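Remarks on the structure that follows.
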Amino acid sequence: MDNTLWDGVVCDSTNGLLRPDALRALRTLTRRGILHAVASRGEWSWTADTLQRHGLHAAFGTVEVGWGRKSAAITRIATHLGIPLDAVGYIDAEPLERSEVAHALPQVRCYAGRHVDVLADLQEFRAPITNAPPPTSPMGFAHISAQ
C-alpha cells in the first residue's frame with residue numbers, strides 16, 4: 001500500500017494521500033471483476049484505518065498486514081480467496097519485496113508500483129484466464145521467472 005496506493009509510508013504521523021493513478025487502476029480493474037487484496041508490511045491498525053478513512057476497505061477481499069514475508073501473506077491470501085497462485089498479480093513499490101515474492105512464488109506475476117497507471121492496459125488484466133502464458137505486455141517486458 002505504501003508508495004503504491006498512497007504516497008509515503010502510513011504510520012501514526014503520516015496521512016497517506018491517495019495516488020490518483022492507483023485509485024483509477026483499482027476502480028477499473030474492480031469493474032472487470034479482478035479481486036484485490038492487501039499484503040502489506042507495517043502495523044495492521046494504521047493500514048486498516050487509512051483504508052477506512054479513504055472508503056477503500058471494502059475494495060479488498062482480504063487484508064494481510066504485518067511484519068512477515070510478503071510471499072507468506074500472498075500464499076495465505078490466495079488460499080483464503082480460493083484462487084491459484086498463477087492467477088495472482090502482485091504490485092509493490094519496493095524492488096526487494098518484489099524480488100522476495102518472485103523468488104519464493106515464481107508463478108506470481110510481480111509489477112513495480114511505478115507502473116500502476118498502466119496495469120489496466122496490460123493484456124493479462126483484459127483477457128479471460130487461460131492456461132496459456134500471458135503475452136509480452138505493451139510496455140515491452142514479460143514475466144521473468146526467478147528460477
Side-chain angles (χ1 to χ4, degrees), residues 1-130 134-135 137-143 146:
M1 307 309 290
D2 298 337
N3 294 310
T4 301
L5 182 58
W6 48 67
D7 287 323
V9 176
V10 171
C11 65
D12 58 353
S13 64
T14 63
N15 287 329
L17 296 175
L18 290 176
R19 292 181 56 198
D21 53 350
L23 190 56
R24 266 191 309 279
L26 178 72
R27 290 180 174 154
T28 298
L29 295 174
T30 298
R31 283 192 301 273
R32 293 182 188 164
I34 305 288
L35 298 176
H36 304 286
V38 173
S40 189
R41 190 175 311 283
E43 294 295 329
W44 190 89
S45 62
W46 293 342
T47 301
D49 289 347
T50 302
L51 288 170
Q52 289 288 3
R53 187 173 61 247
H54 292 298
L56 293 173
H57 198 274
F60 298 94
T62 188
V63 177
E64 283 266 347
V65 181
W67 298 104
R69 294 180 315 139
K70 296 269 184 101
S71 59
I74 290 168
T75 300
R76 287 189 301 272
I77 288 167
T79 300
H80 176 77
L81 295 176
I83 58 174
L85 286 170
D86 63 359
V88 173
Y90 170 69
I91 183 167
D92 200 298
E94 294 298 322
L96 186 61
E97 299 290 2
R98 293 192 311 273
S99 177
E100 186 273 323
V101 170
H103 180 72
L105 305 171
Q107 63 275 51
V108 171
R109 298 176 199 160
C110 297
Y111 304 92
R114 68 181 178 275
H115 297 304
V116 70
D117 58 330
V118 298
L119 284 180
D121 295 330
L122 298 178
Q123 183 63 33
E124 56 260 42
F125 293 107
R126 292 181 168 274
I129 296 175
T130 69
S137 76
M139 293 173 46
F141 61 85
H143 177 71

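What you are looking at is a predicted structure, and each value in this text was computed from that prediction instead of being measured.
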Is the backbone N or O of A93 less than 3.5 Å from a side-chain atom of T4, with the two atoms forming a donor-acceptor pair by type?
yes
Just how far is it from atom CD of Q52 to atom OG of S45, taken to the nearest 0.5 Å?
12.0 Å
Euclidean distance, R98 CZ relative to K70 NZ, rounded to 0.5 Å
10.5 Å
Run the side-chain hydrogen bond (donor to acceptor under 3.5 Å, both in side chains) check on T79 and R76 step by step: do they pass?
CA-CA 5 Å; T79 300; R76 287 189 301 272; over 6 Å; no
Roughly how far apart are R109 CZ and L122 CG, rounded to 0.5 Å?
9.5 Å
Got a donor-acceptor contact below 3.5 angstrom from the E100 side chain to the S71 backbone?
yes
Name the orientation class of the two ring planes belonging to Y111 and F125 (parallel below 30°, tilted from 30 to 60°, perpendicular beyond 60°).
tilted
What distance do N3 atom CG and R19 atom CZ have between them, rounded to the nearest 0.5 Å?
7.5 Å
Under the side chain to side chain contact (heavy atoms under 4.5 Å, CB included) rule, what do L119 and T28 come out as? Steps first, then yes or no, please.
CA-CA 10 Å; L119 284 180; T28 298; over 6 Å; no
How far apart are the C-alpha atoms of E97 and R41, what are their side-chain angles, what is the distance that settles it, and do they pass the salt bridge (Lys or Arg N to Asp or Glu O under 4.0 Å) test?
CA-CA 10 Å; E97 299 290 2; R41 190 175 311 283; 2.8 Å; yes
Hey, what do you get for CZ (R24) to CG (L18), rounding to the nearest 0.5 Å?
12.0 Å
Rounded to the nearest 0.5 Å, what's the gap from OG1 on T47 to CG on L5? Could you check?
10.5 Å
